[in-house]
Amino acid sequence: MPDRLMRALSAQPDLAAREHRILELWRSRATFARLRQRLRGGRTWSFLDGPITANNPMAVHHAWGRTYKDIFQRFHAMLGQDQRWQNGFDCQGLWVEVNVERELGFTSKRDIEAYGLADFVSLCKQRVLTYAASQTEDSIRLGMWMDWNDPQELLRLRDLLAQDPSQPVTVMGPDGPVTDSVEMMVGRLGTAALGGSYFTFSNENNDLIWGFLAECHRRGWLYKGRDSMPWCGRCGTGISQMEMNEGYQDREDPGLTVRLALRDRPGEWLLVWTTTPWTLPSNVAAAVGPRLSYVKVRQGDDLYWLARETVGQALRGPYEVLEERPGSDLVGWTYDAPYHALPAVREAFDEARVGEDSDDDGATYVHRVVPWDEVGQEEGTGIVHIAPGCGAEDFQLGKSLGLPVIVSLDEAGHFVAGFDWLTGRDAQVVTEAVVDDLSRRGAFYHLEPYRHRYPHCWRCGTPLLFRVVDEWFIDMGPLYDTPRDQLTAAQKDRSLRYQIMDVVDTIEWIPGFGHQRELDWLRSMQDWMISKKRYWGLALPIWECTACGSFDVISGRDELRQRAVAGWDAFEGHTPHRPYVDAVRIACSACGAETERIKDVGNPWLDAGIVPFSTLHYREDPAEWRRWFPADFITESFPGQFRNWFYSMLAMSTVLRREAPFRTILGYATLFAEDGRPMHKSWGNSIEFDEAAERIGVDVMRWMFARARPEDNILFGYAAADEARQDLLILWNVAAFLVTYTRLAGWSPRAGMAAEAAKLPPGASILDRWILSRSAGLAEGARQALADHDARAACAIVAVFVDDLSKWYLRRNRRRFSRNDDPADRAAASETLYTALLTAARVCAPILPFLAEELYQVLVAEIDGSATDSVHLTRWPDGEVAAYRDQALEAAMTTLRRAVELARALRARAGLRLRQPLAHMWLALPGGRSWEGLPAADERALLEVLAEELNIRSVELIEDGSDLVERRVKPLLPLIGKRLGAQVPAVLAAARAGDVQYLPDGGVRLAGVELAASEVEILASPRPGTAVAHDEGVVVVIDLTLTAELRAEGDARELTRAVQDLRKQAELALDARVDLWVDGEPEVVGPLRDHLSALAIDTLADDVHHSAPPEEVATVIVDLDAGAVRVGLRPNGSGVAAAP
RNA sequence: GGGGGAGUAGCUCAAUCGGUUAGAGCGGCUGGCUUAUAUCCAGCUGGUUCCUGGUUCGAGUCCAGGCUCCCCUACCA
């Protein structure tokens, strides 16, 4: 008896509870720390984590990507590769601000200013720390191994920050304690001295972005632009192109048709259409398509001009067409807009000096008709209201024509002074007032609701406005007409966009269409707007000179210190955030005047884009940086990231290094609820991460994610989870089986067995050799799949293996474990199943870290104190088990299992249950009489397996020339198709008809065409009239004749089955002994007598009484082939377990 | 508007380079196996492979046009 037996496993495990125990195990043994230690200094595999926004609790959709991240890190750890294991948090930007505002009940930027920037920024930091701690906890729960901060420590820093940011604090780093002020400590999170996750609000991150921006400026790519930008009135900031598409939503707007009185043409009006009535006061022109055709129509006393094609959609009521002219004829007409008298309009028009074509002799500007090629006729009137102060395209057109710009709104989206009764009102809600006003002025024509896609603020959902504002941009360079591959080096040097494209080409994109999509984005992108008129974020390092108009870009904190002429003291000791950094003044490098930093903060994708540099210590330790750069692998959700994280990383790395920041990118799609809709709390289909983790277990979640196709959306829910759980439970139950029976048998793995080289157990059966070969295939195949970043393929390989293990190996071998008189055979089976399970556990370790660990603990760690104590500290097992591989045997087994299916189908058709033994079966194999490459002994062994599985006494291999089958020719189409072309149908017809001539060289002639032996497969196929089944050349023939003796044996097995059922109903222990009574007519019971001793052995019966059972005994009537018998069962004696 | 992806059984998805009769799982029905199982097996049920053409000896697969959905992108008031 070994010292220790394997721990018993419940048949119905509480997976979530076990996961908690494993987490505790890892914690108490410092397993992860020891893994990192073990890998240190080895060949590197560099994973770069895309920062998760630390603004909300972790959700199940995050778990998808984090599962990939953990799988590949763990896998590469099992290959012995050194890694950084650094998680990242995205910290700065509007999303945090909006939530803090909401918590404080703020509604505008004025509220923030009144509250105080320093305190507001501190609250933003605190919020980040809160959710960083929360997400850290959830990620640990998911089993994600990263260099995590202690969540309690993050919360402690948060609380200290709230108390007093300047107080000193000491934190234990990897190389010892570090002391600093709380504020600076928070700014140093993620550095080498502190370890843990990186935070994009860190000093280093911000500092390196400054360096990047300074480099852009050095090359002349940074500029201030004035443009009409999408603007969120609630947030008080412009929205960059990158953010625009996040917020397109269907929306109902007023479709308002307005009439404009033409000067010099009494009674004639232009009809224009707009969905933004608030822009009408800023109108300066009406645009027509010069090549479109316009008509003048009469409605009552009024004469209207509009495009010919639009009369049906735009006019209301009867009309009469009076005149038709090309749009070019209308150009230059002038009109009186309803709001031409507003002070703001007058002021703008007075300033505008118009050209010689003016009707007013170059004096004051007048509203006029202008040409514009972009005017369309699908909607509206074909005459477009132009307000360069209120729309991007209007602004561009106005710029090219020299039109005045009338800016009507302030930061909050309210009308500025000079708009009379509108001044101070919110542009979003003036529609009704404007319509009423237009009616009074006689300018109203028609109003009806209009549905269209309209951009909304991606953070707060407010519909966007357009404002002409000053923003800061990075110039992405010209877009050439020349095809990319014909560009000169000089052209590329001038255009950052092409430099990035070249970098994109060097990256492996999974799925492949990602490559094209990134290139598409780069081709169409505009200059990168990096400024935001907000408070919490990167302080743009731009000091602008009001005196001379030039600006300086500071490359980092050190340069700022050197150049500061005032305010450094106020900044010293603070992180580079507002308001403190705003205090620093420098001297303008052009004119020497004292300058201030612009108030804008940075686009948050700058924060995430710099991490291939900031987190790898680009500036402090170039050698270390080079060791990890570029990252071997990143993985993120595709939606959005082509223009966000991927783009910003690529742009920044191209500027700084002109090389790719990562080698391979795995993208994945979107997670939806099980009903196919986005998860939404108010729809009741949302599932919280921690709820899911405790209800289904994280291994089940991980399995769902890992086996999904990354480019397809996932529908996540509990029904799908139940399905996924089955796969895991099968593996679990195989292990439970092994443990159950080896415990009964007193078998335990030898010390050191887990580490032994692949060696077949003595007396290994053919099934043992087969499943061990499959284990080797599993390890090799899964390694290949994971090395290719294909978790889905790895899962498929695992699932097939587990299926083979449970449904074939174990099912065929149960008796070797439970009722086996041959200890050597039982040991061989135990050892084999043990090795197969152990291999499976190790292969599953990256995907199912908890289940794998539990199995490993049971199989190895708890048995052998000298063995590695965690599956995650073992190496990938393929090398150890490779010698088991026997592909000829695997192929033969596949054929055999096909034969089993056919035979079972035959039995079912004949109504012969499997318990009924049959006398004989014949089997023909594809392509000949024997299994290719298998020794005769193996062939015999396989036939025995077949006989046992099918309960058939003898199985005989037959040749294709036998009485039962005939030869058939199967032409191999992929080989002959191209050669034969149009002859194919005739050849196939001949093959089907059996019209074949066999040639001496093994080839055949079909329909007059000679095919070589290699071009055809000769199959055995059934001769009509025999009881056969066939498939792909496997032919099974069964003798269905039942003799009295066969019937008796069948009845005996039926009886055995009934007794086992009684045992189960009585809830007897597996090894409990019983007494049996078998009572029935002599002609029924008599033939069974020869089989009763076998029954006794199978059912652990001490005595089998041939009489009526006593009253108190549980009985059941069994309906046998020969007649009914009554069976009684009573537990024997004290029920003390007897050793088998 | 432009670009990309997808459309296969009631549901979720496969189907290698174009190759003979399009397969699994889940669900449903019928039967069977089983003291490892919340297991398993067989059979049945269920298909205009979105539609229309084309290329080909042969199309779920390739091509063209159309329909629907998703994603990306866009300066249509």
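Reckoned from all heavy atoms, side chains included, excluding hydrogens, waters and symmetry mates. In what follows, every chain begins at residue 1, and chains take the letters A, B, ... in the order their sequences are listed.
Between the C1' atoms of rC62(B) and rG19(B), the separation comes to 14 Å (whole Å). rA6(B) and rU12(B) have their C1' atoms separated by 15 Å, with the value rounded to a whole Å. A distance of about 13 Å separates the C1' atoms of rU48(B) and rG60(B), rounded to the whole Å. On the P atoms, rU55(B) is 31 Å away from rC69(B), given to the nearest whole Å. Across rU16(B) and rA22(B), the matching C1' atoms stand 14 Å from one another, rounded to whole Å. For the P atoms, the distance from rC63(B) to rG31(B) is 49 Å, rounded to whole Å. Going from the C1' atom of rG18(B) to that of rG2(B) covers 31 Å, rounded to whole Å. On the C1' atoms, rG3(B) is 26 Å away from rU8(B), given to the nearest whole Å.
Regarding contacts with the backbone of rC40(B), every side-chain N or O of Gln726(A) stays at 4.0 angstrom or more from both OP1 and OP2. Here Lys807(A) does not reach the OP1 or OP2 of rU39(B): none of its side-chain N or O atoms lies under 4.0 Å away. The phosphate of rC71(B) has neither OP1 nor OP2 within less than 4.0 Å of any side-chain N or O from Arg517(A). Put simply, Arg523(A) has no side-chain N or O that comes within less than 4.0 Å of OP1 or OP2 on rU73(B).
Of the candidates rA14(B), rU73(B), rG25(B), the closest approach to any side-chain atom of Trp521(A) belongs to rU73(B). Checking rC75(B), rU12(B), rU37(B) against the side-chain heavy atoms of Leu715(A) singles out rU12(B) as nearest.
Per the geometry, CD belonging to Gln377(A) stands 16 Å off P belonging to rA77(B), to the nearest Å.
Applying the salt bridge (charged side-chain N to carboxylate O under 4.0 Å, His left out) rule to Arg18(A) yields the partners Glu854(A); only residues at least two apart in sequence or on another chain are considered.
Comparing Leu980(A) and Thr274(A) along RNA chain B, the residue whose closest nucleotide (by nearest heavy atom) sits nearer the 5' end is Leu980(A). When each of His385(A) and Thr670(A) is assigned the nucleotide of RNA chain B with its nearest heavy atom, Thr670(A) is the one assigned upstream, toward the 5' end.
Relative ring orientation between Phe638(A) and Phe642(A) is described as tilted, the plane-to-plane angle lying within the 30° to 60° band.
Using Watson-Crick or G-U wobble geometry with both donor-acceptor distances under 3.5 Å, rC62(B) finds its partner in rG54(B). rG1(B) is paired with rU73(B) under the criterion used here, namely a Watson-Crick or G-U wobble arrangement in which both key atom distances are under 3.5 Å.
Within the cation-pi definition used here (under 6.0 Å to the ring centroid, within 45° of the axis), Arg826(A) does not qualify as a partner of Phe817(A).
Between Trp231(A) and Phe466(A), the gap from one ring centroid to the other reaches at least 6.0 Å.
No side-chain heavy atom of Ile714(A) sits under 4.5 Å from any side-chain heavy atom of Met704(A).
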